[in-house]
Amino acid sequence: MELSKRYDPKPVETKWYKFWEDNGFFRADAKSSKPSFCIVIPPPNITGSLHTGHALNNTLQDILIRWKKMQGYEVLWLPGTDHASIGTHVQIEKALAKEGKTRFDLGREEFLRYAWDWKNKFGNRIVEQLKRLGCACDWSRLRFTMDEMLSRAVREAFVRYYEKGLIYRGSYIVNFCPRCKTAISDLEVKHKEADGNLWYIKYPLTEPCGDKRAITVATTRPETMLGDTAVAVHPDDERYKACIGKMVVLPLVNRLIPIVAIDLVDKNFGTGAVKVTPAHDPVDFEIATRKKLEMVKVINEDGRMTDKVPKQYQGLTREDCRKAVIEDLKAQGLLEKIEPYRISITHCERCDTIVEPLVSLQWFLKMKDLAQPAIKVVEEGKIQFIPERWTKVYLDWMYNVKDWCISRQLWWGHRIPVFYCNDCQEVMVTRTDPKSCRRCQSTNIRQDEDILDTWFSSALWPFSTLGWPDQTDDLKKFYPTDVLSTAPEIIFLWVARMIFSGLEFVGDIPFRQVYIHSIILNEQGERMSRSKGIGVDPLEIIEKYSADALRYTLTYLESQSQSYRLREQKFEIGRNFANKIWNAARLVLPYLKNSGKSQSETQSSVLDPIDYWILVKYNQLIDLIQENLAKFNFSYVASSLYRFFWHDFCDWYLEFIKPRMKAKDPKAIFTLKEIFSGFLRLLHPIMPFITEELWQTFQFSQSSIMLESLPKPILTDERDFTKVERLKDIIVAVRNIRTEMRVEITQKVPLLINCPDKILQEFIFTQKNLIFELAKVSSLNLAPHPPEHSSVSILNGLEVYVPLVGIIDIEKERRRIGQEIEEIKQELTRINDRLADKNFLQNAKPAIVEKEKERKNSFTERLNRLKELYKTI
RNA sequence: GGGCGGUUAGCUCAGUUGGUUAGAGCGUCGGUCUCACAUACCGAAGGUCACAAGUUCAACUCUUGUACCGCCCACCA
């Protein structure tokens with residue numbers, strides 16, 4: 001079989017993915033007796049398409065899965081998608097907006113039909129994209145958060161929480177998005193700084209208090225004054241002590257409101273007096289709760305003023321109302337001053353609308369008792385975060401976690417399973433929909449309108465996907481799962497919630513290790529964003545460079561840092577690597593294809609030093625990969641494979657053995673086969689396609705490389721390793737001289753090597769054909785003393801001389817040698833200083849001291865030789 | 001305001017327990033179409049490891065502080 005000169009990944013990648021899938025290689029067996037290894041995929045949103053973050057995260061998971069499978073585990077990578085309640089709403093509503101419609105024009109039923117259609121049409125797009133990436137997911141277990149089975153889990157969880165008294169309903173201040181028309185959690189908003197003002201407004205006192213006739217408050221949101229129900233000052237603030245308990249007249253509204261004292265007020269900010277708008281500010285809400293103040297809701301869910309404000313403001317938007325209020329205050333002379341001020345404005349993460357904090361009736365999950373065990377398992381190391389620094393991030397949030405607002409005023413999602421009797425107001429929370437009121441038997445009942453936060457179902461993902469609440473075989477075999485790999489931004493939203501949910505419902509941790517991968521930035525250091533059109537598109541990269549190249553480059557760059565910058569050019573690393581492997585395969589294919597089976601026989605005989613040299617490197621590689629993959633050092637693993645294959649195996653080993661290979665030396669063939677097949681298996685988790693293609697081409701086994709086990713180290717001889725390292729030094733020295741002296745390749749130049757080590761000398765002599773092969777220098781002699789006129793190159797104590805047979809510029813050579821002498825002198829000074837240091841001799845490890853002495857000797861010898869040489873020219 | 005990262009060659013980044021002369025890829029320069037690969041091969045140039053102090057015989061590596069860049073969190077009216 002002939003291989004083309006360049007690797008063409010396209011047909012290869014489609015062919016083998018289909019082969020793996022058709023043969024059921026991705027499918028897990030819950031009845032297997034092998035130990036299990038399970039990863040549940042962070043379910044991508046049905047609205048999404050593959051971006052670089054997905055590409056990275058799923059590549060890493062795939063590497064772990066394929067690796068563990070080759071290690072002999074029964075692996076399950078469980079895939080699925082998330083209904084992404086609010087995300088999907090925003091997408092669909094955008095589409096509706098183009099037709100001039102809102103979701104309210106369609107109504108709940110119609111909207112849900114529309115959404116399901118949408119899901120059926122586009123929801124699996126990302127699944128197809130994951131296949132192109134090569135992901136070894138068990139597609140027979142594909143899940144969706146709104147599947148019947150998972151919805152049952154959601155309902156079960158809600159009911160259990162409720163029955164335990166952990167779920168309650170109440171009016172509290174929440175972030176409300178006027179566009180999405182729903183409450184959103186603190187984690188779903190983002191803060192943006194902007195230029196704003198600090199407005200100083202005078203609130204007249206009903207009676208003078210000391211020398212004061214009015215209290216001035218400072219605010220960034222003047223329109224909210226219409227909902228003020230108090231003015232607060234710090235209890236220790238001398239300026240206002242006399243005023244505490246007095247009343248002021250709320251301007252424009254003419255409501256009498258009290259002056260209260262509370263330690264939440266910062267004496268040093270503004271005037272030290274703060275207006276209190278309990279219905280629209282979280283701190284004010286707290287003040288009002290503690291001081292039992294009235295709450296007046298002046299802004300509605302749509303961002304407009306309510307009927308609780310004077311007529312002229314009713315129905316105005318927040319922005320228009322602000323202008324009007326300012327005008328009116330000015331007219332009344334109550335606006336004391338305006339200062340420019342940087343303010344932080346809260347936006348809806350999904351649609352970027354400015355969020356309004358307001359009081360509304362919502363469902364909450366009590367967090368205190370749930371958090372305790374979730375803290376404990378992480379503190380005790382039962383769940384481990386990698387990199388470790390994220391542990392603290394998780395714990396800090398968990399220590400201060402607040403109750404979770406789980407209700408959303410949306411339609412796409414799991415409807416809250418709470419039913420009300422319209423006749424007797426009985427509240428029912430049940431596992432199946434009730435037909436009638438359990439108390440008065442009335443059939444006039446209704447379900448709560450709200451749905452659950454999308455993360456409520458995500459929190460159950462590691463076990464709902466395995467069949468919980470049933471005790472399925474899957475759940476028994478694969479729970480707790482092993483690794484969760486995800487992005488840092490969802491540690492609170494998702495990871496934390498999976499942990500307490502798993503402990504609560506299954507009674508065990510959901511996973512043992514959490515790997516938090518890097519954030520990929522574009523060339524300018526900005527976050528990649530498809531909507532902004534910045535960054536690279538992984539599908540385009542697969543198209544242009546191949547999935548293997550995409551995977552390799554992403555893995556190569558993944559080094560547990562917070563983030564890294566990526567540009568398209570980087571994928572050349574992966575593409576070129578694949579091509580290099582391909583071409584090495586082309587070279588060795590004819591010799592390995594029908595190499596016979598007398599391996600055990602060959603193995604027992606003594607191999608060539610060169611073979612032992614590469615085997616030492618190979619053994620190191622096997623160990624290092626094992627060790628570092630267990631520590632999630634992806635970059636290290638990828639780069640060691642690269643270095644080994646390209647720079648050890650191709651650059652040196654293949655070049656060394658070309659003559660032996662062509663002569664079909666069985667020792668060379670044996671080593672070659674061992675290394676090449678082993679390397680393919682080591683690389684397979686990262687570059688599954690090309691490795692499978694070559695595995696099949698070489699017919700290393702009857703089946704897929706996926707089903708093979710990882711290679712084991714081979715017995716080798718370490719002494720030969722050092723010899724070959726020395727030989728390499730010589731060759732490099734020769735090449736060096738050749739380039740510098742501009743010796744033509746065809747030109748025959750006598751070469752002399754001074755080598756003090758007798759054994760090495762002999763060895764080099766036996767290998768002189770190799771030097772010929774590589775350095776293209778035609779004759780080699782070992783010389784005890786250098787000839788008078790010669791160029792020298794020295795590496796690691798070996799000296800290589802090329803006699804100056806009129807091929808170089810003598811002056812230039814003098815300068816070069818002079819320079820080298822200077823450098824050596826400097827280094828010798830440093831070494832001597834160190835060796836003269838008593839403390840160093842006392843404290844340093846003996847090996848270090850020995851090394852230092854050796855260095856001194858070799859440098860001194862070298863210096864003397866160079867000095868002599870310098871004189872002779 | 002608090003916490004966490006980062007600062008190493010022109011660029012993007014490694015640097016595994018403190019110990020020879022700090023590495024890679026890309027880019028640059030010079031030389032090669034050498035019978036696997038020009039998506040390649042050979043060679044070279046290029047770094048006072050952000051700054052300061054400390055610990056140590058020895059610091060890119062450990063401690064403290066400073067500066068700048070970035071991320072996250074927070075009740076910055």
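Numbers restart at 1 for each chain; the letters A, B, ... are given by sequence-line order, proteins then strands. Source: prediction; values computed, not measured.
Each of B/rU20, B/rA77, B/rU12 was ranked by its minimum atom distance to the side chain of A/Lys570; first place goes to B/rU12.
Across all strands shown, B/rA50 forms a Watson-Crick or G-U wobble pair, both distances under 3.5 Å, with B/rU66. Across all strands shown, B/rC26 is found opposite B/rG10 as a Watson-Crick or G-U wobble partner, with both distances under 3.5 Å. Nucleotide B/rG19 is matched to B/rC57 when pairs are restricted to Watson-Crick or G-U wobble geometry with both distances under 3.5 angstrom. The partner of B/rC33 is absent, by the rule that a Watson-Crick or G-U pair needs both atom distances under 3.5 Å. When both pairing distances are held under 3.5 Å, B/rA45 makes no Watson-Crick or G-U pair with any nucleotide shown. Applying the Watson-Crick and G-U wobble criteria (two distances, each under 3.5 Å), B/rG1 pairs with B/rC73.
For the C1' atoms, the distance linking B/rA44 with B/rG5 amounts to 36 Å, nearest Å. Rounded to whole Å, the separation between the C1' atoms of B/rC26 and B/rG46 comes to 14 Å. Separation of the P atoms belonging to B/rA50 and B/rG6 is 12 Å when rounded to the nearest angstrom. Rounded to whole Å, the separation between the C1' atoms of B/rU55 and B/rU64 comes to 11 Å. With C1' as the reference atom, B/rG23 and B/rU8 are 10 Å apart, rounded to whole Å. Atom name P, nucleotides B/rA67 and B/rC51: the rounded distance is 16 Å, in whole Å. Rounded to the nearest Å, the gap between the P atom of B/rG19 and that of B/rC49 is 16 Å. Only the C1' atoms considered, B/rC72 is 47 Å distant from B/rC37, to the nearest whole Å.
Counting heavy atoms from C-beta outward, A/Leu672 and A/Tyr653 have side chains that approach closer than 4.5 Å.
Within the 4.0 Å cut-off from OP1 or OP2 of B/rU21, at least one side-chain nitrogen or oxygen of A/Arg855 is found. Between A/Ser640 and B/rA24, a side-chain N or O to OP1/OP2 separation shorter than 4.0 Å is absent. Residue A/Ser639 places none of its side-chain N or O atoms closer than 4.0 Å to OP1 or OP2 of B/rA14.
With rounding to the nearest 0.5 Å, the separation of CG in A/Leu56 from CG in A/Leu557 is 9.0 Å. Atoms CG and CD1, on A/Leu554 and A/Ile686 in that order, are 11.5 Å from each other to the nearest 0.5 Å.
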Which protein N or O atoms sit under 3.5 Å from an N or O of nucleotides 37-41 of chain B?
| from | atom 1 | to | atom 2 | distance (Å) |
| --- | --- | --- | --- | --- |
| B/rC37 | O4' | A/Asn583 | OD1 | 3.0 |
| B/rC37 | O4' | A/Asn583 | ND2 | 3.4 |
| B/rC37 | O2' | A/Asn579 | ND2 | 3.4 |
| B/rC37 | O2 | A/Lys580 | NZ | 3.1 |
| B/rC37 | N3 | A/Lys580 | NZ | 2.9 |
| B/rU39 | OP1 | A/Arg6 | NH2 | 2.6 |
| B/rU39 | O4' | A/Arg575 | NH2 | 3.4 |
| B/rU39 | O4' | A/Asn576 | OD1 | 3.3 |
| B/rU39 | O2' | A/Asn579 | ND2 | 3.0 |
| B/rU39 | O2 | A/Arg575 | NE | 3.3 |
| B/rU39 | O2 | A/Asn576 | OD1 | 3.1 |
| B/rU39 | O4 | A/Arg6 | NH1 | 2.8 |
| B/rA40 | OP1 | A/Asn576 | ND2 | 3.1 |
| B/rA40 | O3' | A/Lys580 | NZ | 3.2 |
| B/rC41 | OP1 | A/Lys580 | NZ | 2.9 |
| B/rC41 | OP1 | A/Trp646 | NE1 | 2.4 |

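Between A/Phe656 and A/Trp652, the ring planes are tilted. Angles from 30° to 60° get that label. Relative orientation of the A/Phe492 and A/Trp397 rings is parallel, given thresholds of 30° and 60° on the angle between their planes.
Look at OH on A/Tyr564: it is 18 Å from P on B/rC26, rounded to the nearest Å. Put simply, NZ on A/Lys275 is 11 Å from P on B/rA77, counting in whole angstrom units. If you take CZ of A/Phe285 and C1' of B/rA77, they are 17 Å apart, rounded to a whole angstrom.
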Quiz item: Would A/Glu572 and A/Asn576 satisfy side chain to side chain donor-acceptor pair (under 3.5 Å), going step by step from the backbone distance to the final call?
Solution: CA-CA 6 Å; A/Glu572 288 175 8; A/Asn576 295 356; 5.0 Å; no
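Of the listed residues (A/Trp646, A/Phe645, A/Phe644), just one forms a ring-ring contact (aromatic ring centres under 6.0 Å, His included) with A/Tyr642, and that residue is A/Trp646. Just one residue in the list A/Tyr515, A/Phe632, A/Tyr394, A/Trp390 forms a ring-ring contact (aromatic ring centres under 6.0 Å, His included) with A/Phe385, and that residue is A/Tyr394.
For the residue pair A/Lys267 and A/Arg239, the shortest heavy atom distance occurs at O-NH2, 3.1 Å. A/Ser344 approaches A/His191 most closely through the heavy-atom pair OG-CB, 3.4 Å.
Here the two rings, on A/Phe698 and A/Phe676, have centers that are under 6.0 Å apart.
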Practice problem: Summarise protein proximity over nucleotides 62-75 of chain B in one line of letters, 5' to 3': B for base, S for sugar-phosphate only, - for none, counting protein heavy atoms closer than 4.0 Å. | Solution: --------BS-S-B
